[in-house]
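We use all heavy atoms of the structure for the numbers below, so side chains are in, but hydrogens, waters and symmetry mates are not.
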Amino acid sequence: MNRKLSLSNIALLSVGISSMTCQAQVPAKPNVIYIYADDMGKGMLSAYGQRHFTTPNIDRMVTKGTSFDNAYGCMLSAPARASLLTGYHDCHPDKWVISKGGKFIPATDDLSSIPAMEKEIDAEDILLGKGDYYLPQVFKQAGYVTAEIGKLEWGFTATRKQMKEHGWDYYYGYLDHVRCHGFYPPFLFDNGEIVTIEGNTHKNCGKSIENETETAYLERWNRNGKAVYSQDLFLDKILSFIRANKDKPFFLFHPTQLPHGPVAIPAVHPELANNPELTPIEKEYASMVKLLDDNVGAIMNELRRLGLDKNTILVFAADNGHETYYSQKGRCEKPYRNMQTGTLFDDYTDKYYSDLAGDIFNGNAGMAGLKRSNLDGGVHIPLIFYGEGIIPAGVKSQELVSNYDFLPTIAEMLQVSLPVKKDGISFLPTLVKGEKIPAGRYVVFGSNYGPGILTGEGWKLRYYRAKDVFELYNLKDDPQERHDLSGQYPEKVEKLKKILLKECDENIDNGINKAG
């Protein structure tokens with residue numbers, strides 16, 4: 001099948017960016033690989049300021065591709081994945097169910113109870129309405145082979161039935177996000193089958209103790225029952241899938257566990273081993289980020305070896321804002337506290353900032369808040385597109401985009417009609433032609449504190465449920481959210497409140513996370 005069309009025949013993919021080298025041809029059906037980091041803030045990438053180690057492969061995506069410096073996800077992994085895969089934001093009560101996790105951690109070695117558990121989960125599931133597509137179904141409408149490898153789906157426990165219903169031709173990995181807190185699974189799901197991993201014997205997948213102590217350190221490095229690291233399995237499956245489908249268009253979604261904690265890594269990365277500024281657990285956490293970057297490089301190399309590098313779009317993003325998994329007494333503690341005053345952060349009168357919390361990595365890149373918060377540190381994410389000869393190079397877009405925009409963007413790129421209107425919009429013209437997103441654009445997101453809304457002009461309204469207050473910020477002037485302007489601009493507050501309430505289906509509490 002000829003998968004090349006002249007640029008003049010694909011107006012949607014024409015390029016008009018001055019920093020872009022002119023191309024004569026682009027793929028009609030480019031392969032798409034989406035790598036979804038877990039709980040990793042922008043500050044963990046050297047392209048965004050990380051100074052304790054480098055991430056050269058992801059950095060190359062930034063310098064040789066198009067990055068969105070104003071991109072938003074959700075405040076937690078489960079709704080973020082649901083939002084990405086449905087094209088809806090997470091302030092609706094009726095688009096998906098976030099099921100409880102830990103159900104697939106068996107009391108014994110007998111796994112025969114899993115099918116019954118899956119039936120219980122399926123009985124409470126909410127599917128999109130007839131004619132409403134999940135992300136893999138959009139690709140399938142265009143003739144793609146689809147695969148998901150890694151953490152798998154959005155609920156804290158998903159099922160094999162759901163995987164097929166959502167449009168995955170192949171899947172491999174966990175179906176229980178609580179099991180994902182360990183990196184040495186005794187079994188995984190392989191396209192409908194339950195496969196055991198020889199040498200991994202811990203029912204909780206080898207989940208480590210989180211807060212650093214001498215006991216925690218010894219437990220992490222006790223290799224008994226921890227023979228095979230999950231990310232190594234995933235990389236092998238990813239490369240195998242690419243090789244098996246090199247002659248047909250494919251969509252590969254890799255929601256990795258990395259660098260979600262508790263910290264677990266087979267070896268400290270050589271770049272970090274002798275860093276005198278870092279403690280052992282900080283070196284281990286950074287090694288998880290380094291491993292993810294190495295895996296991105298391995299995928300790039302395989303695409304190049306197979307001659308697919310000019311026919312594939314590689315996307316790198318994260319689900320939500322940063323989280324610290326390297327807490328130590330007197331250095332960077334949980335519960336999160338100001339290490340100068342001892343005060344616990346509440347993200348209202350006392351907001352989390354890396355310098356105050358003792359986060360040596362500045363993982364949230366100087367923003368306020370962390371995962372679960374509607375401050376920008378909880379919802380602002382990296383989003384990078386790379387594809388030699390396909391994606392404009394060296395572009396850093398300031399346009400406002402969200403994870404729930406990706407589905408409509410792909411639908412426009414593949415010329416797939418969406419029968420049902422999504423919350424997201426297509427940013428394809430921005431991605432390939434540098435066009436401005438139409439005026440009036442806003443994104444919304446939920447959190448443990450309440451929902452928030454952000455406009456393309458930089459106005460942000462956040463609800464803080466515990467005090468029943470709304471705060472207003474102008475992120476272009478105040479990216480750290482230090483100056484509440486609600487008293488100065490009451491009309492702006494009321495306007496954004498009205499939109500936010502409508503997006504929450506007229507109940508502001510729909511924007512309060514109840515899932516974890």
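- Here the closest non-hydrogen pair linking Leu407 and Tyr134 is CD1-C, 3.8 Å.
- Between atom CD1 of residue Ile512 and atom SG of residue Cys504 there is a gap of 9.0 Å, rounded to the nearest 0.5 Å.
- Classification of Lys64 and Glu388 as a salt-bridged pair fails, no side-chain N sitting under 4.0 Å from a carboxylate O.
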(request) Report the C-alpha separation of Tyr326 and Phe361 in whole Å, then their side-chain angles, then the decisive distance to 0.1 Å, and conclude whether the ring-ring contact (aromatic ring centres under 6.0 Å, His included) test is met. (result) CA-CA 10 Å; Tyr326 34 90; Phe361 294 122; 5.2 Å; yes

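- A donor-acceptor contact shorter than 3.5 Å links the side chain of Thr409 to the backbone of Phe427.
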Take Ile35 and Val296, measure what side chain to side chain contact (heavy atoms under 4.5 Å, CB included) needs, and give me the verdict at the end. CA-CA 8 Å; Ile35 300 171; Val296 171; 3.9 Å; yes

Please table the atom pairs, donor to acceptor, closer than 3.5 Å between any side-chain atom in residues 165-174 and protein atoms at least two apart or in another chain.
| unit_1 | atom_1 | unit_2 | atom_2 | d |
| --- | --- | --- | --- | --- |
| Glu165 | OE2 | Lys161 | NZ | 2.4 |
| His166 | ND1 | Glu153 | OE1 | 3.4 |
| His166 | ND1 | Glu153 | OE2 | 3.4 |
| His166 | ND1 | Gln162 | O | 3.3 |
| Trp168 | NE1 | Glu148 | OE1 | 3.0 |
| Trp168 | NE1 | Glu153 | OE2 | 2.5 |
| Asp169 | OD1 | Lys140 | NZ | 2.7 |
| Asp169 | OD2 | Lys140 | NZ | 3.2 |
| Asp169 | OD2 | Thr146 | N | 3.0 |
| Asp169 | OD2 | Thr146 | OG1 | 3.3 |
| Tyr170 | OH | Asp190 | OD1 | 2.9 |
| Tyr171 | OH | Gly192 | N | 3.0 |
| Tyr174 | OH | Gly182 | O | 2.8 |
| Tyr174 | OH | Gln257 | NE2 | 3.3 |

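- Defined by atom type and a distance below 3.5 Å, a donor-acceptor pair is present between the side-chain atoms of His260 and Tyr325.
- No side-chain donor from either of Asp293 and Thr55 sits under 3.5 Å from a side-chain acceptor of the other.
- Taking each heavy atom of Phe53 and Leu272 in turn, the nearest pair found is CB-CD2, 3.8 Å.
- Within the 3.5 Å criterion, the main-chain N or O of Met367 finds a donor-acceptor partner in the side chain of Asn364.
- Under the 3.5 Å distance criterion, the side-chain polar atoms of Lys283 are matched with a main-chain donor or acceptor of Ala273.
- When atom types are taken as modelled, the side chain of Ser83 and the backbone of Asp90 share no donor-acceptor pair closer than 3.5 angstrom.
- A centroid separation of 6.0 Å or more is found between the aromatic rings of Phe251 and Tyr144.
- Note on Glu323 versus Arg372: salt bridge recorded, some NZ/NE/NH1/NH2 to OD/OE distance being below 4.0 Å.
- Using cut-offs of 30° and 60° for the angle between ring planes, the His89 and Tyr404 rings count as perpendicular.
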The test is salt bridge (charged side-chain N to carboxylate O under 4.0 Å, His left out); show your working for Lys433 and Glu399 and say whether it passes. CA-CA 13 Å; Lys433 295 191 291 183; Glu399 295 300 296; over 6 Å; no

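- Nearest heavy-atom pair, His177 versus Leu152, reported as atom, atom and distance to 0.1 Å: NE2-O, 3.5 Å.
- The pair Asp132-Lys422 meets the salt-bridge criterion, with a side-chain N (NZ, NE, NH1 or NH2) lying under 4.0 Å from an Asp/Glu carboxylate O.
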Stepwise, does the side chain to side chain contact (heavy atoms under 4.5 Å, CB included) test hold for Cys205 with Asn200? CA-CA 7 Å; Cys205 304; Asn200 288 355; over 6 Å; no

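- Inspection of the Thr159 and Glu118 side chains reveals no N or O donor paired with an N or O acceptor under 3.5 Å.
- To the nearest 0.5 angstrom, Thr86 atom OG1 is 13.5 Å from Arg81 atom CZ.
- Between the side chains of Arg304 and Asn301, at least one donor N or O lies within less than 3.5 Å of an accepting N or O.
- A side-chain N or O of Gln231 and one of His254 form a donor-acceptor pair less than 3.5 Å apart.
- For the residue pair His269/Asp294, the side-chain donor-acceptor check at 3.5 Å is satisfied.
- Annotation: Phe316 is not in aromatic contact with Tyr386 [ring centroid separation under 6.0 Å not met].
- A donor-acceptor pair shorter than 3.5 Å can be found between the side chains of Asp59 and Ser46.
- When every heavy atom of Gly102 is checked against every heavy atom of Thr157, the shortest pair comes out as N-OG1, 4.0 Å.
- Proximity of a side-chain donor or acceptor of Ser67 to a complementary backbone N or O of Asp69 within less than 3.5 Å is not detected.
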Determine, stepwise, if the pair Lys371 / Leu76 fulfils side chain to side chain contact (heavy atoms under 4.5 Å, CB included).
CA-CA 6 Å; Lys371 171 184 175 180; Leu76 192 71; 3.2 Å; yes

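- Comment: Asp176 does not engage Lys103 in a salt bridge, judged by the lack of any side-chain N to carboxylate O separation of less than 4.0 angstrom.
- With hydrogens and angles disregarded, no donor-acceptor distance shorter than 3.5 Å links the side chain of Asp39 to the backbone of Asn320.
- Side-chain contact between Leu235 and Ile299 is present, with heavy atoms from C-beta onward closer than 4.5 Å.
- Proximity of a side-chain donor or acceptor of Lys29 to a complementary backbone N or O of Leu414 within less than 3.5 Å is not detected.
- By the 6.0 Å and 45° rule, Arg179 does not stack over the aromatic ring of Phe156.
- The aromatic rings of Phe183 and Tyr229 lie parallel to each other, their planes meeting at an angle below 30°, with 60° marking the opposite boundary.
- Atom NZ of Lys164 sits in a crowded spot, with more than 12 heavy atoms from other residues, nucleotides or ligands closer than 6.0 Å.
- Using a 3.5 Å distance cut-off with no hydrogens or angles, the side chains of Asp110 and Thr108 do not pair a donor with an acceptor.
- A ring-centre distance under 6.0 Å is not found for Phe187 and Phe104.
- Residues Tyr34 and Tyr36 bring their aromatic ring centres within 6.0 Å.
- Between His380 and Tyr72, the distance separating the two ring centers is shorter than 6.0 angstrom.
- For Arg441 and Asp405, the salt-bridge test passes: some basic side-chain N is under 4.0 Å from an acidic carboxylate O.
- If you take CG on Leu45 and OG1 on Thr54, they are separated by 11.0 Å, rounding to the nearest 0.5 Å.
- The CG atom of Asn222 sits 10.0 Å away from atom OG of Ser208, with the distance rounded to the nearest 0.5 Å.
- The shortest heavy-atom contact between Met40 and Pro382 is O-CD, 4.1 Å.
- Of all the heavy atoms in Leu383 and Ala317, the pair that sits closest is CD1-CB, 3.8 Å.
- Among Val395, Val432, Ile384, the one residue that satisfies the side chain to side chain contact (heavy atoms under 4.5 Å, CB included) test with Thr66 is Val395.
- Side-chain contact between Ser373 and Met75: absent, with no pair of heavy atoms (C-beta onward) separated by less than 4.5 Å.
- Although no hydrogens or angles enter the test, the distance criterion places no donor-acceptor pair under 3.5 Å between the side chain of Thr312 and the main chain of Asp309.
- The backbone N or O of Ala264 lies less than 3.5 Å from no partner atom in the side chain of Arg220, so there is not a single donor-acceptor pair.
- For Lys95 and Tyr88, the positive end sits near the middle of the six-membered ring, less than 6.0 Å away and at most 45° from its axis.
- Side-chain contact of Asn510 with Asp505: a donor-acceptor pair under 3.5 Å is absent, judged by distance alone.
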